[in-house]
Participant: 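After the structure tokens below, expect a handful of questions from me.
Each chain gets a letter, A, B and so on, in the order its sequence line appears, and its residues count up from 1. This structure is a prediction, so every number in the text was calculated from the model and none was measured.
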Amino acid sequence: MLTTTPNTARPNPGGLPGRPSPARLRPRDVIRVGGAGLRARPLRVFLSALGIAIGIAAMIGVVGISASSQEKLNRQLAALGTNLLTVSPGQTFFGEDSHLPAEAEGMIGQIAPVTSVTATGATGARVYRNDHIGEGQTGGISVLAARLDLPAEVGATVVSGTWLNGATQGLPAVVLGGKAADRLGVVAAGPDQRVWLGGQWFTVVGVLAPVPLAPELDASALVGWPVAEGRLDFDGYPTTVYTRAEEEHVVAVRDVLAATANPENPNEVEVSRPSDALAAKQATDATLNALLLGLGGVALIVGGVGVANTMVISVLERRAEIGLRRSLGATRGQIRSQFLVESLLLSLIGGVGGVLLGIGVTAAYATSQGWPSIVPVWAMAGGVVATLAIGGAAGFYPAVRAARMSPTEALAAP
Amino acid sequence: MSGSGTGTAGGPYIVELSGVDKIYAGGVAALSRAGMSIRYGELVGIIGPSGSGKSTMLNMIGTLDRPTDGTVRIAGHDIAELSDRELSALRAGVIGFVFQHFHLAAGVPSIDNVADGLLYSGVALGERRRRAAETLRRVGLGHRLDHRPHELSGGERQRVAIARAVVGDPLLLLADEPTGNLDSSSGAGVMELLLELHRGGTTVLIITHDRDIAAGLPRRVEMLDGRVVEDSRVGRVSAC
Ligand SMILES: Nc1ncnc2c1ncn2[C@@H]1O[C@H](COP(=O)(O)OP(=O)(O)OP(=O)(O)O)[C@@H](O)[C@H]1O
Ligand SMILES: [Mg+2]
């Protein structure tokens with residue numbers, strides 16, 4: 001036998017005298033009801049979330065890859081230091097190459113915040129693979145006299161052999177920059193590895209790794225200062241002075257360097273901070289990043305249109321369900337929030353998927369480049385917030401339409 | 001406990017229709033000056049030819065639609081005075097619907113289909129499920145809690161739909177051709193269930209085309225061209 005419990009036990013008494021008032025749905029039920037429509041159509045959900053995911057992944061990837069490369073640069077700069085300054089002779093007023101005065105190194109060393117000074121000097125000698133190669137085919141390699149402390153100051157390391165020392169700086173021994181070694185066909189340093197330099201044989205005692213702060217060394221053949229003066233007719237004038245200053249005074253030192261190095265013709269001296277050049281190289285990628293971000297934005301908008309389309313179809317297909325829910329006591333507001341939540345969940349799935357995809361793309365690319373993988377938290381949070389905004393915008397109109405449907409007409413739908 | 005006990009608060013009638021007109025957009029007068037009253041706890045059959053306005057009248061009683069003219073009072077409330085939100089609350093608390101086409105959610109287990117009958121009354125999920133299971137057992141489907149609609153026979157589906165309609169203990173149960181899609185034996189089972197609910201105190205209104213079913217009901221209201229033309233409790237109703 002079925003029995004009916006007394007009306008007084010109802011959470012929402014409908015009898016007089018009070019006016020009936022609808023119950024609020026619990027947040028958990030709002031999510032459940034909004035998600036029910038998605039569970040019923042997994043393939044459609046996957047495809048429309050995919051549109052959003054691609055847009056978000058593209059944007060996260062762009063931001064992540066550029067942040068990773070920035071991080072790699074920051075770490076590199078932290079390791080190399082940003083306090084290196086280089087001084088080189090520019091051209092004279094008449095366009096001739098000038099050189100620095102012989103005492104430039106000493107003068108620069110007198111500046112109080114300067115911690116170290118070293119130099120290279122152009123010898124004018126040529127270097128060839130062997131003695132059969134004709135004049136002129138130098139491959140753009142310059143032969144420089146180098147102070148012994150050069151690698152320590154500019155952060156150069158050898159990949160093969162050793163740097164010059166007190167003994168080898170006076171002997172026909174040469175250390176090749178990375179590019180110079182390639183052009184001369186030198187794979188590794190060794191006692192039998194010789195190059196034809198300044199009309200005589202020099203033994204390759206070392207090969208340098210690329211030098212980020214002094215890229216001009218990559219295409220150089222470096223010999224000791226004494227051997228250059230003794231055997232290569234080197235005039236002994238430094239052409240590039242490398243100096244490190246105390247970090248907080250680098251700018252001040254830079255401002256006085258030209259006048260210190262060449263008091264008579266300070267305008268013939270070029271002073272540069274190589275770490276700035278590295279950072280500037282990074283900044284030139286900004287336009288490409290903006291373009292890619294724009295493409296990601298377009299993909300996101302297309303994804304949003306996809307979600308809106310899915311929601312419009314979902315509302316049309318589910319008129320009977322809407323009618324049923326109204327008959328069960330759903331208010332217009334509850335129907336509206338059901339479809340709004342459905343749209344928000346749909347785009348959120350895409351957004352979270354996109355963030356994960358973007359992290360994956362960043363990690364894969366950064367790893368392939370040997371960079372650290374960095375995806376800024378603001379980008380991830382921004383991606384999720386953007387998808388919520390898109391979901392809200394895309395679901396708003398369909399949700400309002402669903403709420404406005406007349407219950408009887410909705411129930412009459414097939 | 002009988003539903004009639006509650007009726008004293010809102011007068012003797014749970015349904016009062018007087019002079020109800022419903023004119024659809026195309027100018028079709030689906031109801032014209034329809035009137036009738038139903039006491040708490042009654043079991044009423046509504047009969048009449050196709051297009052006579054039976055479903056339209058049931059929609060008015062179920063507050064799913066408002067009349068063009070006339071008064072509809074449900075459980076003492078004049079529905080013209082209630083907002084759409086308040087009507088929704090009235091449906092959630094007082095009225096249960098059973099449809100010819102069941103309207104079960106596809107792919108959703110019986111227990112959750114029935115539990116949704118309590119969703120808009122603000123009952124928590126665990127309690128909804130508990131009461132849904134209990135109601136399914138009462139309609140003889142205790143062994144079908146986790147079956148989804150496509151795994152049920154037509155008669156079983158309609159029982160699930162009835163369970164959903166009554167899980168919130170409505171005072172008023174409205175059924176529009178509940179046996180219309182069923183063979184005669186499943187239909188008889190569904191009718192037996194509705195009669196049991198009536199015996200439990202619920203006011204039950206059934207639209208039916210089946211003469212035998214109608215004949216077995218204590219009160220029959222016959223409609224024609226949007227009017228109530230015959231009421232077995234009051235006799236022939238004169239057109240006004
Ligand atoms: N939404 C609507 N718009 C216009 N006319 C409608 C609408 N709904 C019903 N009608 C018309 O109102 C009249 C009554 O319809 P109703 O559905 O109430 O009939 P019924 O008695 O339930 O018929 P049946 O037994 O076939 O279900 C019919 O002429 C129908 O065409
Ligand atoms: Mg009908």
Side-chain angles (χ1 to χ4, degrees), chain A residues 1-26 28-33 36-37 39-42 317-335 338 403-414, chain B residues 1-3 5-7 9-11 55-56 59 62 64-65 74-77 81-97 99 101 103-108 116-125 138-139 164-166 168-171 193 196-197 199-202:
Chain A
M1 184 68 192
L2 295 166
T3 53
T4 323
T5 48
N7 190 19
T8 48
R10 286 166 220 282
N12 262 323
L16 281 181
R19 294 167 79 93
S21 93
R24 282 182 66 85
L25 282 195
R26 288 142 209 269
R28 186 181 164 197
D29 286 331
V30 171
I31 304 282
R32 254 183 79 84
V33 172
R39 275 198 299 278
R41 292 163 186 81
E317 281 179 350
R318 287 155 67 197
R319 277 176 295 176
E321 178 196 327
I322 293 165
L324 172 79
R325 290 188 183 275
R326 293 303 309 272
S327 83
L328 292 176
T331 63
R332 285 195 179 126
Q334 284 163 341
I335 296 294
Q338 173 181 344
R404 286 216 190 118
M405 269 179 205
S406 129
T408 50
E409 280 170 29
L411 276 168
Chain B
M1 176 73 194
S2 143
T6 336
S55 296
T56 304
N59 287 341
L64 290 173
D65 209 349
I74 303 298
H77 298 282
E81 286 172 7
L82 298 184
S83 68
D84 196 75
R85 272 170 62 78
E86 290 168 330
L87 289 185
S88 300
L90 192 68
R91 291 194 292 270
V94 177
I95 304 169
F97 291 89
F99 305 98
H101 296 108
H103 284 310
L104 297 176
V108 175
D116 266 358
L118 288 168
L119 177 64
Y120 299 102
S121 305
V123 181
L125 178 63
R138 290 197 315 190
V139 302
R164 180 182 60 198
V166 302
D169 287 327
L171 290 172
L193 189 55
E196 262 182 50
L197 287 164
R199 286 196 289 272
T202 309

Participant: Check each atom of B/Ala124 against the heavy atoms of chain A and say whether the ones under 4.5 Å are side chain, backbone, both or neither.
Facilitator: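 Contact with chain A involves both backbone and side-chain atoms of B/Ala124.
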Participant: Can you tell me how far CG of B/Asp65 sits from OG1 of A/Thr408, rounded to the nearest 0.5 angstrom?
Facilitator: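 It comes to 4.0 Å.
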Participant: State plainly whether the residues A/Arg326 and B/Asp84 are in salt-bridge range, i.e. N to O under 4.0 Å.
Facilitator: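 A salt bridge links A/Arg326 with B/Asp84.
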Participant: To the nearest 0.5 Å, what is the distance between NE2 (B/His103) and CG (A/Leu328)?
Facilitator: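 Those atoms lie 10.5 Å apart.
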Participant: Can you give me the closest heavy-atom contact between B/Leu64 and A/Ser327, atom names plus distance?
Facilitator: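 Shortest heavy-atom separation between B/Leu64 and A/Ser327 comes out as CD2-CA, 3.9 Å.
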Participant: Looking only at non-hydrogen atoms, find the nearest pair between A/Ser21 and B/Ala89 and report the distance.
Facilitator: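 That closest heavy-atom pairing would be C-CB, 3.4 Å.
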Participant: Here's a test for you: under side chain to side chain contact (heavy atoms under 4.5 Å, CB included), which of B/Ile74, B/Val94, B/Leu82 qualifies with A/Pro20?
Facilitator: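 Option passing the side chain to side chain contact (heavy atoms under 4.5 Å, CB included) with A/Pro20: B/Leu82.
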Participant: Looking at A/Arg318, A/Arg32, A/Gln334, A/Arg28, which has the largest count of heavy-atom pairs under 4.5 Å with chain B?
Facilitator: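 Among A/Arg318, A/Arg32, A/Gln334, A/Arg28, the one with the most close pairs to chain B is A/Arg32.
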Participant: Measuring from B/Tyr120:OH to A/Asp29:CG, what's the distance to the nearest 0.5 Å?
Facilitator: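 Answer for the OH-CG pair, B/Tyr120 versus A/Asp29, is 9.0 Å.
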Participant: A/Arg26 side chain to B/Gly122 main-chain N or O, any donor-acceptor pair under 3.5 Å?
Facilitator: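 Present.
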Participant: At what distance, to the nearest 0.5 angstrom, does CG of B/Leu87 lie from OG1 of A/Thr331?
Facilitator: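 Separation between the atoms: 11.5 Å.
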Participant: To the nearest 0.5 Å, how far apart are CG in B/Asp116 and CZ in A/Arg325?
Facilitator: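 Nearest 0.5 Å value for the CG-CZ distance: 5.0 Å.
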Participant: Contact part of B/Leu119 toward chain A, heavy-atom cut-off under 4.5 Å: side chain, backbone, both or neither?
Facilitator: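 When you check distances to chain A, atoms from both the backbone and side chain of B/Leu119 fall under 4.5 Å.
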Participant: For each of A/Glu321, A/Arg24, A/Arg332, tally heavy-atom pairs with chain B at distances under 4.5 Å, and name the one with the top tally.
Facilitator: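 Of the candidates given, the most pairs with chain B belong to A/Arg332.
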Participant: Considering only heavy atoms, which portion of A/Ala330 lies under 4.5 Å from any heavy atom of chain B: side chain, backbone, both, or neither?
Facilitator: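 Both backbone and side chain.
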Participant: Minimum heavy-atom separation for B/Glu81 and A/Arg19, please, with both atom names.
Facilitator: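 B/Glu81 and A/Arg19 have their closest heavy atoms at O-NH2, 2.7 Å.
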